[in-house]
Amino acid sequence: MKRILLGALSLVLVAGLMTTTSCKKGDQGPQGDSAMANVIYSDWLSADISQWGTPSATDTLRWLTVFESKQITADIINKGEVHVYFNLGTAAEPYVFPLPYATGATYIRPALFVGGIEVWANTLSAITGQNGAGIGTYRYVIIPGGVKASARTEGGSSPVDFNDYNAVKAYYNIKD
């Protein structure tokens, strides 16, 4: 009986040693696409005053301009993200903030459609300087649906603050 017990114990010990010492890690798989590789961003787009208009003869309280983009598809609108930024400064001295933007009673808001972005403002002064010329430039950043899920942290939050253009620019390696 002692012999059987000792034999069984030895067999368990040898099996345990073999499983812990003979395991080999598998080879590293190929590196997947970076979340940043799929991000699309526009150049800085200007909209001078001639590109703004009212939506109709009876609706003169809102102003509208359109930026066309083939990259804004139904799939992007339904599953991805599109962020629009407004640079009130210059290329040399940018002053960039995200849309929608509101201060007091003034607002500037983007609206997506398949094929582009409408930018709406409720006052002409929001889009023109003191001399009546158009001010600012716009940029959109498109994050496809598959990137959105893979770019999230373990807790589900985004690893970048989309309200901070400089953080977005650094995270997605966007060039000016």
Side-chain angles (χ1 to χ4, degrees), residues 33-55 59 61-176:
D33 284 342
S34 164
M36 283 60 90
N38 297 323
V39 170
I40 301 163
Y41 59 91
S42 70
D43 291 330
W44 283 103
L45 307 167
S46 65
D48 67 31
I49 193 62
S50 68
Q51 294 170 298
W52 288 87
T54 57
D59 184 355
L61 300 177
R62 297 181 301 160
W63 293 82
L64 160 75
T65 192
V66 176
F67 298 106
E68 293 182 0
S69 171
K70 294 177 191 170
Q71 291 91 0
I72 299 178
T73 63
D75 198 48
I76 291 292
I77 292 170
N78 293 325
K79 299 176 187 171
E81 294 183 41
V82 178
H83 298 275
V84 182
Y85 297 92
F86 180 52
N87 182 5
L88 191 54
T90 64
E93 294 183 34
Y95 179 64
V96 179
F97 52 89
L99 296 184
Y101 169 79
T103 181
T106 301
Y107 70 77
I108 305 172
R109 296 183 183 140
L112 304 178
F113 64 92
V114 173
I117 302 168
E118 295 174 338
V119 177
W120 291 84
N122 69 332
T123 64
L124 189 58
S125 64
I127 55 172
T128 61
Q130 291 178 344
N131 63 1
I135 57 171
T137 54
Y138 299 83
R139 165 174 273 171
Y140 56 86
V141 178
I142 301 171
I143 305 164
V147 174
K148 178 182 173 187
S150 65
R152 299 289 177 186
T153 63
E154 191 174 305
S157 64
S158 176
V160 63
D161 178 3
F162 288 105
N163 290 321
D164 180 349
Y165 175 71
N166 287 322
V168 172
K169 186 171 125 176
Y171 184 79
Y172 289 111
N173 199 26
I174 295 173
K175 307 289 184 220
D176 279 329

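Sequence positions, counted from 1, serve as the residue numbers for this chain.
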Quick one: closest heavy-atom pair of I77 and V114, and the distance?
CD1-N, 3.6 Å
I want to check something: taking the side chain as every heavy atom from C-beta on, are V96 and F86 in contact at a cut-off of under 4.5 Å?
no
Which atom of L99 lies closest to which atom of P110, heavy atoms considered
CB-CD, 3.6 Å
Can you tell me if N87 uses its side chain to pair, donor with acceptor, with the backbone of G89 under 3.5 Å?
yes
Donor-acceptor contact below 3.5 Å, side chain T73 vs main chain I76
yes
Just verifying a value: how many Å separate K169 NZ and K175 NZ, rounded to the nearest 0.5 Å?
9.0 Å
For a side-chain contact (heavy atoms from CB on, under 4.5 Å) check, start with the C-alpha distance between I72 and I142, then their side-chain angles and the critical distance, and finish with the verdict.
CA-CA 8 Å; I72 299 178; I142 301 171; 3.7 Å; yes
T137 vs L45, test: side-chain contact (heavy atoms from CB on, under 4.5 Å). Steps then yes/no.
CA-CA 5 Å; T137 54; L45 307 167; over 6 Å; no
Which of parallel (below 30°), tilted (30 to 60°) and perpendicular (above 60°) describes H83 and F162?
parallel
Quick check for you: to the nearest 0.5 Å, what is the distance between T90 atom OG1 and W44 atom CH2?
11.0 Å
Is the CZ atom of F113 crowded by more than 12 outside heavy atoms at less than 6.0 Å?
yes
Between R139 and Y165, do the side chains contain a donor N or O and an acceptor N or O under 3.5 Å apart?
yes
Please report the interatomic distance CD1(I117) to OG1(T65), rounded to the nearest 0.5 Å.
11.0 Å
Run the numbers on V168 and Y85 for side-chain contact (heavy atoms from CB on, under 4.5 Å), then give the verdict.
CA-CA 11 Å; V168 172; Y85 297 92; 3.3 Å; yes
Are side-chain heavy atoms of V141 and V82 found at a separation under 4.5 Å?
no
S42 (side chain) donor-acceptor with Y140 (main chain) under 3.5 angstrom
yes
Report yes if the distance between the aromatic ring centroids of F67 and Y138 is under 6.0 Å, otherwise no.
yes
Rounded to the nearest 0.5 angstrom, the CH2-CH2 distance for W120 and W63 is 12.0 Å
If we ignore hydrogens and angles and just use 3.5 Å, is the side chain of N122 paired with the main-chain N or O of R62 as donor and acceptor?
no
